[in-house]
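Since the structure comes first, as structure tokens, the remarks are kept for the end.
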Amino acid sequence: MTALLIVLSASLATWLLRILFITVLPAERLPARVQRAFDDVAPAVLAAIVVSHVVRAGGPGEIPWPTLGAVLAAAAVAWRSRNLALPVVIGVVVFGLLLAAPDLAGPAHAQAEGPSRTEEPGPEVPRGRADPAAWARAAHARIARESVAWGAGVAEASRFLAPDVVVDDRAWTGAIYEGRAAWQQHLVGSYRLTLDELHLQRLFVDPQGALVQQAQDHLAGFGGPANVVQQREYGPAGVEHLRTSVAIRDLQRRPGAGARGSVELEELVERYVSAWSGAADGVAIATLYAADAEVRDGVADLTLSGREEIARAAASEAVTVAGPRLLRHVTGTDDPAIYLDARTPSSTSSLVLVHGPAAGAWCSGIVAVQLDLDDGLIVRERRFHDLPSARRCLDDLPDGWWTSLAPLEPADVQTGTLLVEEEEVPLLNSVPELDGLLAWALGRFETAGLGAPAIGSVTFAGGSGRCAGLGGSVEAAADGARVLLCLDRGSACVGTDCTAFTMYARSTVLHELAHAWELARLDEPTRQAFLALRGLEVWEGSRDVVWEERGVEQAAEIIMWGLLEAPVPLPRLDRPACDDLFGAYQMLAGRPPLNGGCPDPAAPPDGS
Amino acid sequence: VSQSHSAALPRGAPPFAAVQQRLDRDALRDVLPVAVSLVPFAAVIGVTISQASLVPIWVGMLAGPLIYGGSAQLAALTLADTGTGLLTVLGTVLVINARLVMYGAAIEPRFRGQPAWFRWSAPHFLVDQTYTLANERPELSGPAFRRYWGTVGFVLGGVWVGTMYLAVALGPAVPADSPLTFAATAVFVALLVPRLRQRAAHRPAAIAAVVALVASPLPHGLGLLVGALAGVLPSILLAGRDPS
């Protein structure tokens, strides 16, 4: 409502400025000497606009060479041509060329001498230089990828968690999970959000972690929408600590919830906000903190230790003042932005508050603070800055989690094991139906007398980002091949009861297991003989060799052909003649196909 | 720039539709390069709208056609989104748009004798670009000016608002740091330089440029207003002594 009022008032004010000397007080009634000056308005205004554009393109004390050069080029063209478009085109081209010249593009992102701060408030204006804050992009990109993964379910979200992650879910599921596996075991199959249900609101960062403020349409156990802040602490292997805090009003609305303790908590927050707002009140601030409390603002590179130092710093305005008021966290509600780490408040709660900006404070923007309480006093306060504000205030923020993260490693949920030749092979992300499919395929290898494929693990990853365009993959490893099968129950089963397996699933699993089999069981002479028989040149080859020209793929496809219940044409190999397939299978397996090979008895295989 | 369109035309001939078509075509030819030059800035504002959290997206989008001025809209949007109070935002917008008063005074003769509806509503289109474009066509008056002004205003606004809404939909996919950001500056260079062929334009342009440079540290683009006023002031002060 306030925003609408602001927009309507600004529109009205601007319109009044426009009509003032046109309609309300026509300029013809102004003194003649003033009217004569109107001829000067256009050149004066245009010159002032051009100068202000050039000045704005550079930082403080910085000469914007690309803009200046392009202005001169555009001016030279405009002097010769009255065409308006030509100087614009030439100017843009020259600007682009000068921008690409590294010596002229400005030192903004070449310097890494620590945080540089700009105090100037007001709107962000587009500047003619690229990437003023790469760190903010990196942080934002990572958080955005994580959010997409959260929408894809436990297996995908796990990939962003360190193996020894601590998931503090007391406010939501009521439990703390030690380690990724414990969390996965609890939530697998029960947790999935669509992105429609997840509304990201703001991202706050400090060099160690991030606070992600979001609304969720459905939060299990809350009987409806809920507003949460997810606190993520990063280590090199990913998120090491994950805590979900829920908005205090949503906690109170939860079925069966009581308001116990929340009055005291809100009173504390009120005292905190009023003490820190405006001219910060050192005496009032001191009463909020424990004697050995610590306030840390990693973005501002500031740490205050002890109640006295905190109060002194507040009085000297050296710290980012938290702001005069709490923001409403959901548009259209009056709920205060207080998020709690447990279902009921206590004297040792930890809360997250989101504050409005404070005029005159360093980096005036939206701030989220995390307060750890003990006995009703703040023992630890940590300030996170809204990403757009931090980006505006800092060109470079060195040594944050965003620079030290290792590339993502797949993290999957182990759902069981499979006994293959006395060895327990881990199965990941599987369901009983997929277990059955795998058992059926291994049985085909056994019955055909091929022996079991050497498998280290089998991962089902149907529908995940890892499977874009893939049926599956097999990676050689010392303890057996790592088999990835891009199948899920939906693509593997016929009917809702899974009375049979689809042709796609059967052929996919046989093909991939054939790779694992071939890795362990085919010797080099056999491979060479197979290549000669099929008229191929390379066994594995690189990405340059088309799929059907690789010996290894033809071998897997032909093994699959011989193990299916009935032989099928192989369109991916351009439907070879049955006799050829029969011969090739026999060369690889040392025996005829399990399914008898060619359906036509008039064309018997030779040498049988 | 152009030959006279309306003054030499006897009433009734050539047919009204032909005149209208020709005028609209001229206005289109004038305004299109200018409109294209606004695309990067409109995209920046669109992205800002889509990322705002305190200002609902529809309110941010409404501000485009209602305020009809990029810098003021961006300032209002970013300040409102950081929780700034109504009066502060209003003061900032007034400062940023104060030069529109000067444009209004200078362009008033073109609105003289126009119908009341036009004098009350059409100034809504008054911005840097429309003011300077109309200035390039001093021969237009009466209905011809109305058509020119309307075409320029609607096309400029259409491209401006359309780009902005597209950027709201696409979000951060729109690059904010492409060389196109220079187009807006280039348009003003292309409008300024031909005027400098006349000696009378030298003094206001030079004074305005120097003062705008010196005053550039002032907040909210105030340097621009101060520079422009300084460029005009000598003519007012010296008007009696130097009738030329």
Side-chain angles (χ1 to χ4, degrees), chain A residues 3-7 9-11 13-15 17-23 26-28 33-34 36-38 40-53 55 70-71 74-75 78-79 82 84-85 87-88 91-92 95-96 99 122-124 126 128 130 201-202 331 356-357 365-366, chain B residues 33 37 44 53 55-56 59 63 66-67 74-76 78 80 82-83 86 89-90 93-94 97 100-102 104-106 108 111 119-120 123 126 135 176-177 179 181-183 185-193 195 201 204-205 208-209 212-213 216 220 223-224 227-228 231-232 235-236 239:
Chain A
L4 181 63
L5 195 64
I6 285 176
V7 164
S9 313
S11 308
T14 305
W15 178 69
L17 294 175
R18 285 174 167 134
I19 61 164
L20 180 63
F21 284 134
I22 295 179
T23 320
E28 61 181 325
R33 58 164 56 187
V34 175
R36 272 200 292 276
F38 290 161
D40 290 350
V41 169
V45 159
L46 288 168
I49 290 177
V50 171
V51 166
S52 68
H53 276 212
V55 169
V71 162
W79 186 259
R82 277 189 162 272
L84 185 61
V88 175
V92 169
F95 182 67
L99 213 55
E124 208 175 335
Q201 294 177 330
R202 281 189 181 275
T331 308
I366 298 177
Chain B
S37 77
V44 167
S53 64
V55 179
V59 174
L66 281 188
I67 297 181
L74 189 60
T78 47
T82 48
L86 173 66
V89 179
L90 215 52
V93 167
L94 283 172
N97 278 342
L100 300 181
V101 172
M102 204 156 58
E108 185 271 337
F111 284 78
R119 282 187 288 120
W120 284 102
L126 189 60
N135 238 297
D177 49 10
T181 51
F182 181 72
T185 310
V187 163
F188 292 109
V189 173
L191 288 167
L192 167 68
V193 169
R195 288 177 174 274
L213 182 63
S216 63
H220 305 311
L224 163 58
V232 177
S235 291
I236 300 176

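Lettering follows sequence order; numbering is per chain, from 1.
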- Query: Yes or no on side chain to side chain contact (heavy atoms under 4.5 Å, CB included) for B/Leu126 and A/Ile22, after CA distance, side-chain angles and deciding distance?
  - Reply: CA-CA 11 Å; B/Leu126 189 60; A/Ile22 295 179; 4.2 Å; yes

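Of the residues considered (B/Ala208, B/Ala63, B/Gly104, B/Pro123), B/Pro123 shows the highest number of contacts with chain A, using heavy-atom pairs under 4.5 Å. Ranked by heavy-atom pairs shorter than 4.5 Å toward chain B, the options A/Ala47, A/Pro87, A/Ser52 are led by A/Ala47. With chain A as partner, the option from B/Ala201, B/Ala205, B/Gly231 having the largest number of non-hydrogen pairs under 4.5 angstrom is B/Ala205. Between chain B and the options A/Leu17, A/Val51, A/Val71, A/Val7, heavy-atom pairs under 4.5 Å are most frequent for A/Leu17. In terms of non-hydrogen atom pairs under 4.5 Å with chain B, the most contact-rich of A/Leu20, A/Val41, A/Ile19 is A/Val41.
Rounding to the nearest 0.5 Å gives a distance of 4.5 Å between CG of B/Asn97 and OG1 of A/Thr14.
At a 4.5 Å heavy-atom cutoff, the contact between B/Phe188 and chain A is made by backbone and side-chain atoms alike. Only the side chain of B/Pro33 comes within less than 4.5 Å of a heavy atom of chain A; its backbone N, CA, C and O stay farther away. Both the backbone and the side chain of B/Arg119 come within contact range of chain A, each with at least one heavy atom under 4.5 Å from a heavy atom of that chain. Contacts between B/Leu90 and chain A at a heavy-atom distance below 4.5 Å involve the side chain alone, from C-beta outward.
Scanning all heavy atoms of the two residues, the minimum distance from A/Val50 to B/Leu192 falls at CG2-CD2, 4.4 Å. When all heavy atoms are compared, the tightest approach of B/Gly227 to A/Ala48 is C-CB, 4.3 Å. Closest non-hydrogen pair, A/Ser11 versus B/Leu66, comes out as OG-CB, 3.2 Å. Nearest heavy atom pair, residue B/Glu108 against residue A/Pro26, reads OE2-CB, 3.4 Å. The minimum heavy-atom distance between B/Pro56 and A/Ala3, with the atom names listed, is CD-CB, 3.9 Å. Of all non-hydrogen atoms in A/Pro43 and B/Pro204, the two that sit nearest each other are CG-CG, 4.1 Å.
Inter-residue side-chain proximity for B/Leu86 and A/Ser9 is flagged as met; some heavy-atom pair is nearer than 4.5 Å.
Using a 30° and 60° split on the angle between ring planes, A/Trp15 and B/Trp120 fall in the tilted class, from 30° to 60°.
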